[in-house]
Amino acid sequence: MSTTTRDPKAITPKSEDFDRWYVDVVRRAELADYTPVGGCMVVRPYGWGLWENVRDALDAMIKRTGHENMQFPLFIPESLLTKEAEHVEGFAPEVAWVTQGGQKKLEERLAVRPTSETIICTLYADWIHSWRDLPVLINQWANVVRWEKRTRLFLRTTEFFWQEGHTFHETTDEAKFEVEQMLGCYRELAEEWLAMAVIPGRKTESEKFAGADYTMSIEAIMSDGLALQSGTSHHLGQNFTRAYNITYTGRDNTVQHPFQTSWGLSTRIIGGVIMSHGDDRGLVLPPRVAPVQVVVVPIERSNDPEGTEAVRAACVRLEEEAAGRVRLRVDRREGHRPGEKYAHWELRGVPLRIVVGSRDLAEGSVSLVRRVDGAEMRLPLGEVGERLPALLDEAHVLLRERALKLLEDHSREVATLDELRGAFADGPVFANAPFCDRPECEVEVKAAVHAVTVRCLRTDRSGEGRPCLACGTPAEHIAVIARAY
RNA sequence: CGGGAAGUAGCUCAGCCAGGUUAGAGUGCACGGUUCGGGACCGUGAGGUCGCGAGUUCGAAUCUCGCCUUCCCGACCA
């Protein structure tokens, strides 16, 4: 009868139902939850702590590359939003409108910002006058709203949190450099901080940001073989600066429109971290952003007061040695057995676990278990503290190697549409193919395999003039073709 | 927004088809005790306007309609 009853303490295995596994992990690890507001999630302290660490790492890169943070309004008057035609058309279906303030109906509707190019351009039209005012290099951390039809925790919610960088430059080459530089920051964040495997590239015309000349992205691979667009960087050319009449007097005393870029990375990346690394026990967090990097589980026995005292002293010692270097937490909760605590912190993806028990302690050592691969080791109590940073780095490297192997195992080289079909016969993959980048060929590619799209044209590889998989003409690019979130 | 499924305790679910005492189980939670090297055990206890709103009925978790939310498959998208 009740064969469908599941162990409420277990999470759905990945292999059984990946989507349910994902939701189970997000909720059980207390990263985020649903709210009474349709399509909107609440990010809980553990999830927000993770985001803060991601944010801080990226914020440092944004500052390092010369940008300053500022803050723009949440609301955008309709008349401002609608000046750049392509942009308006792109966002129209997903803009939320405020039509009333208090009891009074507004004379002009206010959009809840879906992104801030329009308000930023409106303001900078007043602030940019001379080539000496350029470049403008700014960023804001903010929430934005897009009325999505179908939402998923972290991956696509009506309201989400991100940073949006906006810059204005004298030349298109400068803007181009900026676009690539910031995509590089996203790649650095994904690889060096989040241990993810990503592919950088340029979006096709049909996939680019509405209003951009071109869009760059990093595409990450999830452990079910699907792609996740994890950061985007746009060259806006002069599309907005013309529409919003931003002009400056150039070095040659002529009136010019600046070239513009924008780039963003959102809380979606948290979903990427979960789906890149998680396993059937729950989260596996990248050490450099994990809110808790090391958890210490003391083993105490009520019939062994001396041993317990030694265990407690060892825990205090570890705390003191970790202070300021490693985010370490001692799980001193009473009434929970050790095994329960192991499961608790494994679900939350803590990279390293130290078990302090009197048995090991009698020999002056403690046990240490690595979350990513379950490797166990015994280390002298006196050495553990100073070795933690290196152990965390090792865990990062292992996680990154595993992610790269995932990408390698799911990558295929195809030369024709038939080979493309064959590559997807046994499940989702990243298919690499010579591609001419003509819209007609993109349509053919999408028609060849269910639900695939051209994710990007790789910037780290060239088509070398080999025949396009669709039309056979010499192709400049290697396209990554995959199913995506 | 189209097609499908589901909403009963924090979680996983039974009960609904054939309406009828005080709505159940496991797990979790609180307290006490025994435990403690991989999700312990005993005892006590708290916890539910059965998603929301109408309707049918003497009587609705159960039947009907509407709405909301979530999940799955599409179309759209960071």
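Chain letters run A, B, ... following the sequence lines, proteins first, then strands; residues in each count from 1.
Here the separation of rG10(B) from rA6(B), taken at their P atoms, is 22 Å to the nearest Å. Comparing rC50(B) with rC16(B), their C1' atoms sit 11 Å apart, to the nearest whole Å. If you take atom C1' in rC58(B) and the same atom in rG19(B), they sit 12 Å apart, rounded to whole Å. Across rG20(B) and rU12(B), the matching P atoms stand 26 Å from one another, rounded to whole Å. The gap from the P atom of rG47(B) to that of rA9(B) amounts to 15 Å, rounded to the nearest Å. On the P atoms, rG66(B) is 16 Å away from rU62(B), given to the nearest whole Å.
Y186(A) contributes atom OH, which lies 15.0 Å from atom CD of E191(A) (distance to the nearest 0.5 angstrom).
Judged by distance alone with a 3.5 Å cut-off, no donor-acceptor contact links the side chain of R27(A) to the base of rG10(B).
Nearest to the side-chain atoms of T151(A) among the listed nucleotides rU12(B), rG74(B), rU70(B) stands rU70(B). Taking every side-chain heavy atom of K9(A) into account, rG28(B) is the closest of rC36(B), rG28(B), rC77(B). Among rC11(B), rA78(B), rC29(B), the nucleotide with an atom closest to any side-chain atom of H336(A) is rC29(B). Closest to the side chain of R281(A), out of rC77(B), rU27(B), rG38(B), is rG38(B). Relative to the side chain of P338(A), the nucleotides rC77(B), rG39(B), rC36(B) differ in distance, and rC36(B) lies closest. Distances were taken from every side-chain heavy atom of D19(A) (C-beta onward) to each of rG37(B), rC72(B), rC13(B); the shortest belongs to rC72(B). Between rC72(B), rA78(B), rG39(B), one nucleotide has an atom nearer to the side chain of E340(A) than all others, and that is rG39(B).
As judged by a 4.0 angstrom heavy-atom cut-off over every strand, R146(A) is placed among the base-contacting residues. Looking at heavy-atom distances under 4.0 Å, F160(A) makes contact with a base. If you check every strand for non-hydrogen atoms under 4.0 Å, G231(A) touches nothing. Residue contacts for Y342(A): at a heavy-atom cut-off of 4.0 Å it reaches a base atom on one of the strands shown. Within the 4.0 angstrom heavy-atom criterion, base atoms lie near S302(A). Using a 4.0 Å heavy-atom cutoff across all strands shown, L228(A) reaches no nucleic acid atom at all. Heavy atoms of T157(A) sit under 4.0 angstrom from at least one base atom. Residue contacts for E300(A): at a heavy-atom cut-off of 4.0 Å it reaches a base atom on one of the strands shown. Contact annotation for G357(A): base contact, defined as any heavy-atom pair under 4.0 Å involving a base atom. D360(A) comes within contact range of at least one nucleobase, with a heavy-atom separation under 4.0 Å. Within the 4.0 angstrom heavy-atom criterion, base atoms lie near E346(A). Residue-level contact check: R152(A) touches the backbone only, with heavy atoms under 4.0 Å from sugar-phosphate atoms and none from bases. At a threshold of 4.0 angstrom between heavy atoms, the contacts of S358(A) include nucleobase atoms, whether or not backbone atoms are also involved. Nucleic acid contact class of Q229(A) (heavy atoms, under 4.0 Å, all strands): sugar-phosphate only.
At least one side-chain heavy atom of Q163(A) sits less than 4.5 Å from a side-chain heavy atom of L58(A). In this structure the side chain of L189(A) never reaches within 4.5 angstrom of the side chain of R187(A), judged on heavy atoms.
For the pair K208(A) NZ and rA78(B) P, the computed distance is 13 Å after rounding to whole Å. The separation between M216(A) atom CE and rA78(B) atom C1' is 17 Å, rounded to whole Å. To the nearest angstrom, P of rU70(B) lies 12 Å from CZ of R150(A). Nucleotide rC72(B) holds its P atom 12 Å from the CZ atom of R483(A), rounded to whole Å.
In this structure, R353(A) forms a cation-pi arrangement with Y342(A), its terminal cationic atom sitting closer than 6.0 Å to the ring centre and no more than 45° off the ring axis.
A donor and an acceptor atom, one from each side chain of R378(A) and S365(A), are located under 3.5 Å apart. Between the side chains of D24(A) and T12(A), at least one donor-acceptor pair of N or O atoms lies under 3.5 Å. A donor-acceptor contact closer than 3.5 angstrom links the side chains of T261(A) and T167(A).
For the OP1/OP2 pair of rC71(B) and a distance below 4.0 Å, the side-chain nitrogens and oxygens of Y22(A) include no atom meeting the criterion.
In this entry rU70(B) has rA5(B) as its Watson-Crick or G-U wobble partner, both defining distances falling under 3.5 Å.
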